[in-house]
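Input: a single structure, listed below in structure tokens.
We count ligands from 1, going down the list as the structure has it; atoms in each ligand are counted the same way. As a basis for the values below, the full set of heavy atoms in this structure was taken, side chains included, without hydrogen atoms, waters or symmetry mates.
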Amino acid sequence: MNEQQIENMRKARNDMTRFLMTYKFALDEMNTKLMILKEEFQHFHDYNPIEHIKSRIKSPESIYKKLIRKKLPVTLDSIQKNIHDIVGFRIVCSFSSDIYLLSEMIQNQKDITLVTCKDYIKHPKPNGYQSLHLIVTVPVYMSDREEHVHVELQIRTVAMDFWASLEHKIYYKYSKAIPENLLAELKETAKIANDLDNRMEKLHRAVQHIKEQDMQENEDDMNMVNINEERFHLPMSMLQSFVSKEEDE
Ligand code: 0O2
């Protein structure tokens with residue numbers, strides 16, 4: 001390579017780095033949003049709807065392979081326009097109902113725009129795959145510009161995640177076509193995972209109902225508040241003042 005070619009390659013590498021930085025900021029932004037939702041939900045509903053979250057930036061190699069597979073131009077413009085899963089989140093929820101609750105909470109945020117929603121829970125894929133896929137944009141504010149960056153969110157339950165991870169592993173190990181009987185078996189296990197989710201959801205509802213009844217009976221904690229892992233006393237007169245103001249309005 002001559003000097004000029006080396007210089008051009010260096011510039012291309014720097015452009016790619018700057019380009020991917022924007023996605024890293026979008027990942028940070030979405031992470032903060034999810035942490036806030038998780039903490040707020042935990043506080044008011046007394047349980048954690050998010051079991052765990054994994055996030056990743058798609059590697060340049062995977063981006064390149066996807067462009068080639070889809071016969072798209074290999075340019076930064078083309079990547080920005082066509083590859084919407086450079087930032088990917090996998091959010092694993094405790095119960096099926098949490099998936100839709102979380103999806104709604106995310107979509108209700110004013111600075112988030114929904115681009116596509118694929119509901120593989122209501123309409124599982126032929127192989128049995130279940131998950132809710134959202135593509136959204138989040139704004140990223142930089143020193144000289146604002147960009148709306150695509151983020152993919154895959155939201156699913158523990159059972160759906162377990163199934164998808166194993167199915168993925170099975171496919172990776174097999175270089176040949178998978179025999180029909182194994183495909184049928186995989187589909188059957190997806191049904192079992194779905195049945196488990198439905199039964200856990202029923203149990204969860206029953207327990208929530210009992211908790212709500214208990215809360216109505218126990219008013220001892222009325223003048224205490226927990227914030228930032230600290231327990232504060234709330235003067236009763238202060239609470240009464242809030243209540244009378246609200247009643248006046
Ligand atoms: P990776 O490495 O996981 O990111 P598109 O992204 O729009 O070109 P598609 O198929 O229309 O492709 O998107 P879709 O249906 O939203 O699926 C995207 C991602 O969902 C996949 O990413 C997988 O992670 C996951 N997924 C979809 N179908 C299945 C499935 O049958 N089994 C499993 N285990 N995962 C699935 P990528 O692009 O394949 O790769």
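At the top of the distance list for atom 17 (O) of ligand 1, counting protein heavy atoms only, stands His133 CE1, 3.5 Å. When only non-hydrogen protein atoms are considered, atom 31 (O) of ligand 1 lies nearest to Asn127 ND2, 2.8 Å. The shortest contact between atom 35 (N) of ligand 1 and any protein heavy atom is with Tyr129 CE1, 3.4 Å. Glu167 OE1, 3.3 Å is the protein heavy atom nearest to atom 33 (C) of ligand 1. Annotation: atom 19 (C) of ligand 1 to nearest protein heavy atom, Gln154 NE2, 3.2 Å. Counting protein heavy atoms only, atom 2 (O) of ligand 1 is closest to Lys58 NZ, 4.3 Å. The nearest heavy-atom contact from the protein to atom 27 (C) of ligand 1 is Lys125 NZ, 3.5 Å.
Within the structure, the closest approach of Arg69 to ligand 1 does not fall below 4.0 Å when heavy atoms are considered. In this structure, His84 does not count as a contact residue of ligand 1, since none of its heavy atoms falls inside 4.0 Å of the ligand. By the 4.0 Å heavy-atom criterion, Trp163 is excluded from the residues contacting ligand 1.
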From CA spacing to verdict: side chain to side chain contact (heavy atoms under 4.5 Å, CB included), Tyr47, His204:
CA-CA 11 Å; Tyr47 82 95; His204 168 61; 3.4 Å; yes
Are Asp28 and Lys24 close enough, and set up right, to give a salt bridge (charged side-chain N to carboxylate O under 4.0 Å, His left out), and what steps lead you there?
CA-CA 6 Å; Asp28 291 343; Lys24 192 254 175 215; 2.6 Å; yes
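Annotation: cation-pi pair Lys122/Tyr100 present, NZ/CZ under 6.0 Å from the ring centroid and within 45° of its normal.
Screening Asn8, Asn14, Asp15 for a side chain to side chain donor-acceptor pair (under 3.5 Å) involving Lys11 leaves a single residue, Asp15. Of the listed residues (Gln154, Glu51, His52), just one forms a side-chain contact (heavy atoms from CB on, under 4.5 Å) with Asp161, and that residue is His52. Each of Asp98, Val136, Ile155, Asp119 was compared with Ser103 under the side-chain contact (heavy atoms from CB on, under 4.5 Å) criterion, and only Ile155 meets it.
The distance criterion of under 3.5 Å between nitrogen or oxygen atoms is not met by Ser165 with respect to ligand 1. Between Arg156 and ligand 1, not a single N/O pair is under 3.5 Å apart.
Of the possible donor and acceptor atoms, one in the side chain of Thr17 sits under 3.5 Å from a partner among the backbone N and O of Arg13.
Within the set Lys65, Arg90, Lys118, the minimum heavy-atom distance to atom 13 (O) of ligand 1 is found for Lys118.
Residue contacts with ligand 1, taken as heavy atom pairs separated by less than 4.0 Å, involve Lys66 solely via side-chain atoms from C-beta onward.
A distance of 11.0 Å separates NE2 of His168 from CG of Leu166, quoted to the nearest 0.5 Å.
Side-chain atoms of Glu185 and Asn181 form no donor-acceptor pair, as typed in the model, at a separation below 3.5 Å.
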